[in-house]
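Report on the structure given below.
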Amino acid sequence: MQMNRRTLLRAAATITLAGLGGAIVAQAQPKPRIIPIVSKKFTYEPSQVTLKLNEQVIFKLTTLDVVMGFSVPDFGVRATIIPGQIVELPMTPTKIGEFTYVCDVFCGSGHEDMSGTLRVVA
């Protein structure tokens, strides 16, 4: 009986410590940076965004007029933006350089020129 009790106490202590370790790790991770981007015919505001390499971000995308797209082809992320809604698009840049974000949903006669620049620095 005494052996079973000790085994149970050890197991409970191990589980408790493991849970506390996981909570500490979860708190140590930084929250993603929120980057609001507003699209309207035929621009993005801001038209340039600078990120740090491996920085977790969430783009909060809105549009003021018609359905738009937001795509960063070099990182394989995209979203459709609908008027009156906020779209959250997570991304973590994994390479340094300048990249283009574009509207990939036809939005009118100036659609071809609708783009912005994403700079990723070390």
Side-chain angles (χ1 to χ4, degrees):
M1 180 93 169
Q2 203 60 322
M3 182 68 146
N4 287 339
R5 193 177 217 183
R6 285 185 189 152
T7 304
L8 287 173
L9 286 173
R10 279 191 203 127
T14 302
I15 291 169
T16 300
L17 289 174
L20 289 175
I24 292 169
V25 170
Q27 290 175 355
Q29 295 176 350
K31 290 185 178 183
R33 179 165 61 123
I34 305 298
I35 301 173
I37 295 183
V38 178
S39 59
K40 60 182 179 181
K41 287 188 174 180
F42 297 100
T43 62
Y44 289 109
E45 292 179 10
S47 62
Q48 182 171 342
V49 175
T50 301
L51 305 177
K52 293 180 183 174
L53 182 66
N54 296 317
E55 173 187 26
Q56 293 180 1
V57 300
I58 297 176
F59 293 110
K60 283 207 172 192
L61 307 166
T62 57
T63 179
L64 298 179
D65 38 31
V66 299
V67 174
M68 304 270 186
F70 181 85
S71 176
V72 189
D74 290 295
F75 293 101
V77 297
R78 75 153 315 277
T80 299
I81 316 164
I82 299 170
Q85 296 182 8
I86 297 173
V87 176
E88 292 188 0
L89 180 65
M91 189 185 107
T92 303
T94 54
K95 49 191 167 186
I96 295 173
E98 286 198 3
F99 309 93
T100 302
Y101 51 91
V102 297
C103 177
D104 62 354
V105 172
F106 183 76
C107 56
S109 61
H111 168 76
E112 302 81 28
D113 299 321
M114 188 172 173
S115 65
T117 303
L118 181 67
R119 290 186 59 236
V120 181
V121 297

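Computed from heavy atoms alone, side chains included, the values below leave out hydrogens, waters and symmetry copies. The model shown is predicted, which means the values in this text are computed figures rather than measured ones.
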Would you mind reporting whether [Y] and [X] have side-chain heavy atoms less than 4.5 Å apart?
| X | Y | answer |
| --- | --- | --- |
| Phe75 | Lys95 | yes |
| Leu51 | Arg33 | yes |
| Phe99 | Val120 | yes |
| Pro83 | Val67 | yes |
| Met68 | Phe106 | no |

Just how far is it from atom [atom1] of [X] to atom [atom2] of [Y], taken to the nearest 0.5 Å?
| X | Y | atom1 | atom2 | result |
| --- | --- | --- | --- | --- |
| Leu64 | Ile81 | CG | CD1 | 10.0 Å |
| Thr63 | Gln85 | OG1 | CD | 11.0 Å |
| Thr62 | Ile86 | OG1 | CD1 | 6.5 Å |

Would a hydrophobic clustering, with Ile, Leu, Val, Met, Phe, Trp and Tyr connected at side-chain separations under 4.5 Å, put [X] with [Y]?
| X | Y | value |
| --- | --- | --- |
| Ile37 | Leu89 | yes |
| Val102 | Val72 | no |
| Ile96 | Ile35 | yes |
| Val77 | Leu53 | yes |
| Val87 | Met91 | yes |

**Study point:** Minimum heavy-atom distance Pro36-Pro46, with the two atoms named
**Key:** O-CD, 3.6 Å
**Study point:** Residues which pass ring pair (Phe, Tyr, Trp, His ring centres under 6.0 Å) with Tyr44, listed by chain and number, not counting sequence neighbours
**Key:** Phe70, Tyr101
Check your understanding: Of all residues at least two apart in sequence or in a different chain, which pass the side-chain contact (heavy atoms from CB on, under 4.5 Å) check with Thr92?
Key -> Gln56
Check your understanding: So, Asp104 side chain and Arg78 main chain: donor-acceptor pair closer than 3.5 Å or not?
Key -> no
Review point. Is there a donor-acceptor contact under 3.5 Å from the side chain of His111 to the main chain of Val105?
Key: yes
